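Just so we're on the same page: letters track the sequence lines, and every chain starts at 1. This structure is a prediction, so every number in the text was calculated from the model and none was measured.
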Amino acid sequence: MQTIFPNVIVQQQSNTLAMRQMVTRGPHAFDLNWTFFGFKDDTPELRQRRIRQANLMGPAGLVSVDDSEVLALSQEGAEVFPDTDAVLEMGGRSTADTDHMVTEAGVRAFYKHYIEVMGFDHAA
Amino acid sequence: MLLEAQRQAPVAPMASLQELHFEIERLNSEYASVLDGERFEESISDLFVDDCLYRVVPRENHLLGLPIAVIHCESKGMIKDRVIAARESTMAEPRTLRHFITNIRILAAGDDEIRAEANVLIVQTMINRMTEIVLSGFYLDRIVRSGDRLRFKERLCVYDSLLLPTSLIAPV
């Protein structure tokens, strides 16, 4: 899975090849566009496998639904306090690398970089 | 063939076509009731034959013949997998869904198989929000008589939009 800052993800999960593109629609919403692809010379069996495994991804994806749902719930928690910052504190407040995934360092690092790139006047 | 090009089945023996229409209406009502009532386990797979196809696709993919579906089940077993995922493994905001299945048309009434279509509107209600539309679209069905009732051999749900509100959890 490869993220291209700030809004594209190119991914291979088993035999599904897909691109996710986020189109922001203001502070409260974004579109998530999914593009699945295969190769012209894929065998019919491989093509069928890609179609089956696409069940894992997308708006009804067996492994991707939780992500969208949890993001929506997080947004609901954050947006009721529009005048303050929300900090995701799982795994601390730093953006340092860890040897495990039980951390939101990736989200914190994204916004730290985003603030820099956008030139926002904001405490880090 | 595109949906728009399909004609209704010619009206032959009036009584039996009316009965068939009524049976399909009952099948759709049962389908909606099971899904809206979340009575998935004991019921939804009963409405399909074992060797079935159930797909949910955006209309763009349907019209262009693009094969990717947001839900793709090639058997009753795969539908059961979807139900178990919705019940046990997916973490999602609780919601109530409501199906409105209307405008049933019988496209072909063969001895072995009936082809039919219906419009569908699905709305959902979260605990803290106004009711919103999940999707508007149509079903394209292949229906067979199996045991004491009609069952789906194939149910294709084509939805009109390119976007869905966050996610589809259970079969629709």
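Within the 4.5 angstrom heavy-atom criterion, atoms from both the backbone and the side chain of A/Ile51 approach chain B. Neither the backbone nor the side chain of A/Val63 comes within less than 4.5 Å of any heavy atom of chain B. With a 4.5 angstrom heavy-atom cutoff, B/Ile71 touches chain A via backbone and side-chain atoms both.
Within the 4.5 Å cutoff, no side-chain heavy atoms of B/Ile68 are placed close to those of A/Arg50. By the 4.5 Å heavy-atom criterion applied to side chains, A/Val65 and B/Met91 are not counted as neighbours. For the pair B/Thr166/A/Ser68, a side-chain contact is recorded, criterion being any heavy-atom separation below 4.5 Å from C-beta on.
To the nearest 0.5 Å, atoms NE2 (B/His72) and CD (A/Gln53) are separated by 11.0 Å. For the atom pair CZ of A/Arg52 and CE of B/Met78, the computed distance is 7.0 Å after rounding to the nearest 0.5 Å. How far CG of B/Leu162 is from CH2 of A/Trp34: 15.5 Å, rounded to the nearest 0.5 Å. The line from CG of B/Asp81 to CG of A/Asn55 is 9.0 Å long, rounded to the nearest 0.5 Å. Rounded to the nearest 0.5 Å, atoms CG (A/Leu62) and CD1 (B/Ile84) are 11.0 Å apart. A distance of 6.5 Å separates CG in B/Leu163 from CG in A/Asn33, rounded to the nearest 0.5 Å.
Within 6.0 Å of atom CE in A/Met101, 12 or fewer heavy atoms from other residues, nucleotides or ligands are found, so the atom counts as exposed in its surroundings. Sparse packing is recorded around CD of A/Gln2, with 12 or fewer heavy atoms of other residues, nucleotides or ligands lying under 6.0 Å away. Annotation for A/Phe81: atom CZ does not count as buried by contact number, only 12 or fewer foreign heavy atoms lying within 6.0 Å. By the 6.0 Å contact criterion, CG on B/Leu64 is enclosed, its count of non-hydrogen atoms from other residues, nucleotides or ligands being greater than 12. Counting heavy-atom neighbours within 6.0 Å of A/Phe30 CZ, excluding the residue itself, gives a total above 12. For B/Asn128, the CG atom is densely surrounded, since the number of other residues' heavy atoms within 6.0 Å is greater than 12. Annotation for B/Arg149: atom CZ counts as buried by contact number, over 12 foreign heavy atoms lying within 6.0 Å. For B/Ile133, the CD1 atom counts as loosely surrounded, since its 6.0 Å shell holds 12 or fewer non-hydrogen atoms of other residues, nucleotides or ligands.
In this structure, the side chain of A/Asp66 does not engage the main chain of B/Thr90 through any donor-acceptor pair within 3.5 Å.
The choice from B/Ala92, B/Ala85, B/Ser89 that makes the most heavy-atom pairs within less than 4.5 Å of chain A is B/Ala92. Ranked by heavy-atom pairs under 4.5 Å with chain B, the list A/Glu76, A/Met57, A/Arg47 is led by A/Glu76.
In the hydrophobic clustering of ILVMFWY residues, with side-chain heavy atoms under 4.5 Å counting as a link, B/Val49 and B/Tyr54 come out apart. Using a 4.5 Å cut-off between side-chain heavy atoms of Ile, Leu, Val, Met, Phe, Trp and Tyr, with links allowed through other members, B/Val83 and B/Leu35 fall into the same hydrophobic cluster.
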